[in-house]
Amino acid sequence: MRISRELEAAFTLAVNEARRRRHEFLSIEHLFYALLHDSDIVEVIRHCGGDVEALKRDMTRYLDDKVDRMPVGVEKSLQQTLGFQRVIQRAAAHVQSAGKEEIDPRNILVAIFREAESHAAYLLARQGVTRLDVVSYISHGVSKIGETGETGGADPSDAPEEAQDDGDDDGEGTGGRPAKNPLAQFTVNLIELAAEGKIDPLIGRDREIERTIRVLCRRRKNNPVFIGDAGVGKTALAEGLALRIHDGRVPESLRSAKIFAL
């Protein structure tokens, strides 16, 4: 397992900052401060709605005012905190499990979110930057700031860790600007294709479509599944259902339904 050149530079900056301030311990905060000077991390945070310059100011204030300094004349070897070590180990473990050989600053940033008691994680949360935001941007390029590259005055592929949904998306980015719609980026709306005349009529599958409609209209256990080898017509069934919905040839409860193909 090796570290990238960019991460090596961040480690060096973190150590230098700790020594310059005469701090006894090398902490997550020193590392996070160093990451804020990495161009890739700056891009990620800005696309997740964060203000990098404000984070730098807050981290500088924290390191200057809240961390004890060693008295002049006292010299000790710089020691890593347990939190610092956990972040590095967590990032390394995930990179290894993903079958990769190099840790980069983005892996470290994602790992920091697991240290919820750290001041670094607190500052990110205060700006509304979540772990899901970071993973979504790194993995899929899903930005919270829209196409213009602006949010709150800031300018704007590997998945570091598994993403879990943190809540509903209201469809708006920071400052009320529209965010990119993941459905539009990664799926096809079959109802819209039907409206554009891009779906051919389904022949000879009325029985399967009727059964599907009955299952969907149930109050409970309403999840139909099409199974079969490639080429038997599973996608055609979904498209046929979309055409039925577009034409209004379904019960009332399904007339406003949408079908997305991933």
Side-chain angles (χ1 to χ4, degrees), residues 1-96 100-127 129-131 133-135 137-138 152-156 158 160-161:
M1 184 69 61
R2 64 178 183 269
I3 64 174
S4 69
R5 187 172 302 174
E6 294 78 10
L7 184 55
E8 185 176 355
F11 283 151
T12 299
L13 177 56
V15 169
N16 290 341
E17 287 298 318
R19 286 175 174 166
R20 184 175 68 84
R21 290 179 166 86
R22 300 189 59 78
H23 293 163
E24 183 178 357
F25 296 100
L26 182 63
S27 68
I28 295 172
E29 283 66 36
H30 294 104
L31 181 54
F32 180 60
Y33 177 79
L35 291 179
L36 293 174
H37 293 78
D38 178 87
S39 59
D40 283 346
I41 297 301
V42 168
E43 178 187 18
V44 170
I45 291 177
R46 285 176 174 167
H47 276 280
C48 293
D51 185 335
V52 176
E53 294 306 317
L55 287 170
K56 286 181 180 178
R57 291 193 298 270
D58 290 339
M59 284 308 310
T60 298
R61 190 178 304 115
Y62 175 84
L63 293 173
D64 286 342
D65 300 340
K66 301 298 183 181
V67 181
D68 293 336
R69 298 171 182 263
M70 292 186 293
V72 176
V74 175
E75 299 295 336
K76 293 184 179 181
S77 298
L78 194 61
Q79 301 292 319
Q80 298 176 1
T81 64
L82 292 177
F84 182 97
Q85 294 174 4
R86 284 195 300 267
V87 166
I88 305 303
Q89 292 167 0
R90 186 177 296 119
H94 183 78
V95 169
Q96 186 175 30
K100 301 188 180 298
E101 298 180 352
E102 185 175 84
I103 312 171
D104 66 29
R106 299 174 303 170
N107 302 120
I108 300 296
L109 177 63
V110 174
I112 285 175
F113 282 94
R114 293 300 194 195
E115 295 294 324
E117 299 300 318
S118 69
H119 196 69
Y122 162 74
L123 290 178
L124 288 168
R126 192 172 70 174
Q127 288 201 3
V129 179
T130 69
R131 181 174 174 275
D133 295 333
V134 172
V135 172
Y137 180 72
I138 293 173
D155 298 329
D158 305 323
E161 295 190 40

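- When the shell of 6.0 Å around CD of Q96 is examined, it contains 12 or fewer heavy atoms from other residues, nucleotides or ligands.
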Apply the test ring-ring contact (aromatic ring centres under 6.0 Å, His included) to residues H119 and Y122: give CA-CA distance (whole Å), side-chain angles for both, the deciding distance (0.1 Å), then the verdict. CA-CA 5 Å; H119 196 69; Y122 162 74; 5.4 Å; yes
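- Two residues are said to be in side-chain contact when any heavy atoms from C-beta on lie closer than 4.5 Å; M59 and L123 meet this criterion.
- Checking side-chain atoms of D65 against main-chain N and O of Y62 turns up no donor-acceptor pair under 3.5 Å.
- Looking at P105 and D38, their side chains come closer than 4.5 Å, going by heavy atoms from C-beta outward.
- Under the 3.5 Å distance criterion, with hydrogens and angles disregarded, a donor-acceptor pair is assigned to the side chains of E43 and Y137.
- Between the CZ atom in F84 and the CZ atom in F11 there is a gap of 5.0 Å [rounded to 0.5 Å].
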Just do the side-chain contact (heavy atoms from CB on, under 4.5 Å) check on H37 and K56 with the steps written out, would you? CA-CA 9 Å; H37 293 78; K56 286 181 180 178; 4.0 Å; yes
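- Interatomic distance, L109 CG to C48 SG, rounded to the nearest 0.5 Å: 8.0 Å.
- Nearest approach of N107 to E102, heavy atoms of both residues: OD1-O, 4.1 Å.
- The salt bridge (charged side-chain N to carboxylate O under 4.0 Å, His left out) check on R5 picks up nothing, with sequence neighbours excluded.
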Would you sort out whether T60 and R21 count as a side-chain contact (heavy atoms from CB on, under 4.5 Å), showing the intermediate values? CA-CA 11 Å; T60 298; R21 290 179 166 86; 3.8 Å; yes
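- Residues M70 and H23 have side chains not in contact (no heavy-atom distance under 4.5 Å, counting atoms from C-beta outward).
- Taken from CD1 in I41 to CD1 in I108, the straight-line distance is 9.0 Å, to the nearest 0.5 Å.
- Taking 4.5 Å as the limit, some side-chain heavy atom of V95 sits within range of a side-chain heavy atom of M1.
- The two residues Q127 and G50 have their closest heavy-atom pair at OE1-CA, 3.1 Å.
- By the 4.0 Å N-to-carboxylate-O rule, R126 lies too far from D51 to be salt-bridged with it.
- The existence of a salt bridge linking R90 and E115 is confirmed by a sub-4.0 Å separation between a basic side-chain nitrogen and an acidic carboxylate oxygen.
- Other residues, nucleotides and ligands place no more than 12 heavy atoms under 6.0 Å from the CD atom of E8.
- The shortest side-chain heavy-atom distance between L13 and E17 falls under the 4.5 Å cut-off.
- For the pair R106 and F113, the cation does not sit on the ring face, since its NZ or CZ is not both under 6.0 Å from the ring centre and inside 45° of the axis.
- A salt bridge links R61 with D58: the closest approach of a Lys/Arg side-chain nitrogen to an acidic carboxylate oxygen falls below 4.0 angstrom.
- Remark: the backbone N or O of V52 is not paired with any side-chain donor or acceptor of R46 at under 3.5 angstrom.
- Nearest heavy atom pair, residue A10 against residue A34, reads O-CB, 3.2 Å.
- Looking at heavy atoms from C-beta onward, L31 lies in side-chain contact with I88 at the 4.5 angstrom threshold.
- Nearest approach of L36 to V42, heavy atoms of both residues: O-CG2, 3.3 Å.
- Across all their heavy atoms, I112 and A120 have their closest contact at CG2-CB, 4.0 Å.
- Atom-to-atom distance recorded for D104:CG and E6:CD is 7.5 Å, nearest 0.5 angstrom.
- The shortest side-chain heavy-atom distance between L55 and Y33 does not fall under the 4.5 Å cut-off.
- Taking 4.5 Å as the limit, some side-chain heavy atom of L63 sits within range of a side-chain heavy atom of E29.
- Side chain of H30 to backbone of S27: a donor-acceptor contact under 3.5 angstrom is found.
- The nearest pair of heavy atoms linking A14 to L26 is O-CD1, 3.7 Å.
- Under the rule for a ring-ring contact (aromatic ring centres under 6.0 Å, His included), F25 has no partner lying at least two apart in sequence or in another chain.
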Please assess V110 against V135 for the test side-chain contact (heavy atoms from CB on, under 4.5 Å), listing each intermediate value before the final yes or no. CA-CA 7 Å; V110 174; V135 172; 4.1 Å; yes
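- For the pair R57 and E53, the salt-bridge criterion is not met [side-chain N within less than 4.0 Å of a carboxylate O].
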